[in-house]
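All values below come from the heavy atoms of this structure, side chains included, with hydrogens, waters and symmetry mates left out.
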Amino acid sequence: MMTATVKLASRVRRLGYVLAFCFLAQVLWDVPGTWALNNGLARTPTMGWLHWERFMCNVDCQEDPDSCISEKLFRQIAELMASDGWKDAGYEYLCIDDCWMAPKRDSQGRLQADPKRFPGGIRRLADYVHSKGLKLGIYADVGNKTCAGFPGSFGYYDIDAKTFAEWGVDLLKFDGCYCDSIKHLADGYKRMSLALNRTGRSIVYSCEWPLYMQPLFKPNYTEIREYCNHWRNFADIYDSWQSIKNILDWTSSNQEKIIPVAGPGGWNDPDMLVIGNFGLSWNQQVTQMALWAIMAAPLLMSNDLRHISPEAKALLQDKDVIAINQDPLGKQGYRLRKDNNFEVWERPLLNLAWAVAMVNLQEIGGPRAYTISLTSLGQGLGCNPDCLITQLLPVKRKLGFHEWTSSLKIQINPTGTVLLRLEKANLTSLKNFH
């Protein structure tokens, strides 16, 4: 995360326009497999909950005891994740972001939790989280300080990795604030990756390495993938439609360089799900859920599970949409076209299936119809010679059997998305479909 508006603004720049589709298809599908971080983790995108966007750096437990960054908050969220369907839906990691630390390291140079807000320490919290069948994530920074000014890990990579392992931590979000050079940034991310692996504990490694290189330096994504399980490319998400649009614009404008490296063990991270908060309309929440599934993004919610609407809960726990996000083929989707304030995104899935998202970006008027030729989907193969189409969002309904030469006309709400699944038609699927 960034602490200064100027840092955020500098990363909103677009870095060029998308290549022609025929070239993009070659880039996406003809690249050789890249070597990933060899820790056996994140074979599908990580799912869980992360406190930052919703709770930020609220450390005033006297004035705001229910929303401050504390052991109490994380125990309450863990209880809900285990009992209210979140764990069963796949949300496994309960992640602490910045502001959990005491202002100084202990006498042996180790990080320590704030003793008033985390009276039992992180080890006790990890034990509780594990007792609920969940995993615990924690936050640190590659530089001299965290973004909020707490102790950084520069010069302490090995001792911090050992400390996290001893506490029973299962994921590390490693931020990039207060690092004095691009060399120290790269070396720090590499050293922490190796230090985590040396502990012998399985710890998912979430990096912000490329975010802090851009726009002055060009990230080497092949190298980043060798050290990280997922990596942030763009500025922090906000609870706003503009923020969602900025992330989608950056992703589509840079897809020819970031999509080839994504796959089992390493993923592009467009940041947290803000569904269930305050800034997005219902249609915009549908758009975020649909596009994060298409992008094979880590699904890390940042919301208050103690106070979430039934509609937002149902959307976040939608098993069909989660299945697209978690598809074991592990191919990230991409924007296929943009015209007349519509966008079409698609993603290849296991067993020659495809997910297709159609977004209406117009912010005035009512629902608009979009007609698409099925021959254009899935690189001409999505419905060849025929397919069964199911609409998953905004509501699930069967659209039936379609032939390759046919077209599909869909009504899409302003700032909303229609998410489809295309599957090959065979006797078994036809019976199940009806």
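Counted by atom type alone, Asn39 and Asn197 present zero donor-acceptor pairs between their side chains at under 3.5 Å. Tyr93 and Asp170 form no side-chain donor-acceptor contact under 3.5 Å, judged by distance and modelled atom types alone. With hydrogens and angles left out, the side-chain atoms of Asp180 and Asn144 include no donor and acceptor closer than 3.5 Å. Using a 3.5 Å distance cut-off with no hydrogens or angles, the side chains of Asn268 and Tyr221 do not pair a donor with an acceptor. Between the side chains of Asp64 and Asn58, a donor-acceptor pair is found at a separation under 3.5 Å. Judged purely by distance below 3.5 Å, without hydrogens or angles, the side chains of Trp267 and Asn229 never pair a donor atom with an acceptor atom. Between the side chains of Thr146 and Asp98, at least one donor N or O lies within less than 3.5 Å of an accepting N or O. A donor atom on one side chain and an acceptor atom on the other are not found under 3.5 Å apart for Glu423 and Trp354. Side-chain contact annotation: Ser252 with Arg335, donor-acceptor N/O pair under 3.5 Å present.
Between Arg232 and Asp236, at least one side-chain N (NZ, or NE/NH1/NH2) sits under 4.0 Å from a carboxylate O, which counts as a salt bridge. Salt-bridge formation is detected for the pair Asp160/Arg105: a Lys NZ or Arg NE/NH1/NH2 atom is positioned less than 4.0 Å from an Asp or Glu carboxylate oxygen. In this structure, Asp318 does not pair ionically with Lys396, as no charged nitrogen and carboxylate oxygen lie closer than 4.0 Å. Using a 4.0 Å cut-off between charged side-chain N and carboxylate O, Glu226 and Lys190 make no salt bridge. Taking a cutoff of 4.0 Å between a charged side-chain nitrogen and a carboxylate oxygen, Arg191 and Asp187 do not qualify as a salt bridge. With salt bridges taken as basic N to acidic carboxylate O contacts below 4.0 Å, none links Glu343 and Arg337. Using a 4.0 Å cut-off between charged nitrogen and carboxylate oxygen, Asp127 and Arg123 count as a salt-bridge pair. A salt bridge links Glu71 with Arg124; the closest basic N to acidic carboxylate O contact falls under 4.0 Å.
Between Tyr205 and Phe174, the ring planes are tilted. Angles from 30° to 60° get that label. Between Phe154 and His184, the angle of the ring planes lies from 30° to 60°, which puts this pair in the tilted group. Ring orientation note: the planes of Phe164 and Trp167 are tilted relative to one another, at an angle of 30° to 60°.
When atom types are taken as modelled, the side chain of Arg225 and the backbone of Asn220 share no donor-acceptor pair closer than 3.5 angstrom. Distance alone, capped at 3.5 Å, is enough to place a donor-acceptor pair between the His51 side chain and the Asp97 backbone. For Gln317 (side chain) and Asp84 (main-chain N/O), a donor-acceptor pair under 3.5 Å exists by modelled atom type. Checked by atom type and distance alone, the side chain of Thr287 pairs as donor or acceptor with a backbone atom of Asn283 at under 3.5 Å. The backbone N or O of Gln326 lies less than 3.5 Å from no partner atom in the side chain of Thr44, so there is not a single donor-acceptor pair. In terms of modelled atom types and a separation under 3.5 Å, the side chain of Ser253 and the main chain of Asp249 share a donor-acceptor contact. A donor-acceptor pair under 3.5 Å is formed between the side chain of Gln112 and the backbone N or O of Lys104. A distance-only check finds a donor-acceptor pair linking the side chain of Thr163 to the backbone of Ile159 [under 3.5 Å].
Nearest heavy-atom pair, Pro394 versus Thr417, reported as atom, atom and distance to 0.1 Å: CD-O, 3.7 Å. Nearest heavy atom pair, residue Asn384 against residue Lys424, reads O-NZ, 2.8 Å. Closest of all the heavy-atom pairs between Ala353 and Arg421 is CB-NH2, 4.2 Å. Scanning both residues, Asp327 and Arg347, for their nearest heavy atoms gives O-NH2, 3.8 Å. Listed here is the closest heavy atom pair of Leu393 and Ala290: CD1-CB, 4.1 Å. What you find for Phe150 and Cys57 is that their closest heavy atoms are CE1-SG, 4.3 Å.
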(request) Apply salt bridge (charged side-chain N to carboxylate O under 4.0 Å, His left out) to the pair Glu166 and Arg201, showing each step before the final yes or no. (result) CA-CA 9 Å; Glu166 289 169 1; Arg201 183 169 181 82; over 6 Å; no
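Taking 4.5 Å as the limit, some side-chain heavy atom of Leu94 sits within range of a side-chain heavy atom of Ile77. Cys99 has its side chain within reach of Trp52: a pair of non-hydrogen atoms, C-beta onward, lies under 4.5 Å apart. Between Val359 and Lys245 the shortest side-chain heavy-atom distance does not fall below 4.5 Å. Contact of the Ile244 side chain with the Thr415 side chain is not registered, since no non-hydrogen atoms from C-beta on lie closer than 4.5 Å. For the pair Leu392/Thr390, a side-chain contact is recorded, criterion being any heavy-atom separation below 4.5 Å from C-beta on. Under the 4.5 Å side-chain criterion, counting only non-hydrogen atoms from C-beta, Trp250 is in contact with Asn233. Between Cys61 and Lys116, every side-chain heavy-atom pair lies at or beyond the 4.5 Å cut-off. Side chains of Tyr227 and Trp209 form a contact here, defined as non-hydrogen atoms less than 4.5 Å apart.
In the displayed structure, Lys132 atom NZ is contacted under 6.0 Å by more than 12 heavy atoms of other residues, nucleotides or ligands. With a 6.0 Å radius and a threshold of 12 heavy atoms from other residues, nucleotides or ligands, Gln62 has its CD atom at or below the threshold.
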Counting only pairs under 3.5 Å, give me each side-chain donor-acceptor contact of residues 292-308, with atom names and distances, residues two or more places apart or in other chains.
from	atom 1	to	atom 2	distance (Å)
Trp292	NE1	Asp271	O	2.9
Ser302	OG	Leu50	O	2.9
Ser302	OG	Glu53	N	3.0
Ser302	OG	Arg54	N	3.0
Asn303	OD1	Trp49	NE1	3.2
Asn303	ND2	Ile275	O	3.0
Asp304	OD1	Arg306	N	3.0
Asp304	OD1	Arg306	NE	2.9
Asp304	OD2	Arg306	NH2	3.1
Arg306	NH1	Asp66	O	2.8
Arg306	NH1	Gln76	OE1	2.6
Arg306	NH2	Asp66	O	2.9

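Arg75 forms a cation-pi arrangement with Tyr128, by the criterion of a distance under 6.0 Å to the ring centre and an angle within 45° of the ring axis. For the pair Lys173 and Tyr139, the cation-pi criterion (under 6.0 Å, within 45° of the ring axis) is not fulfilled.
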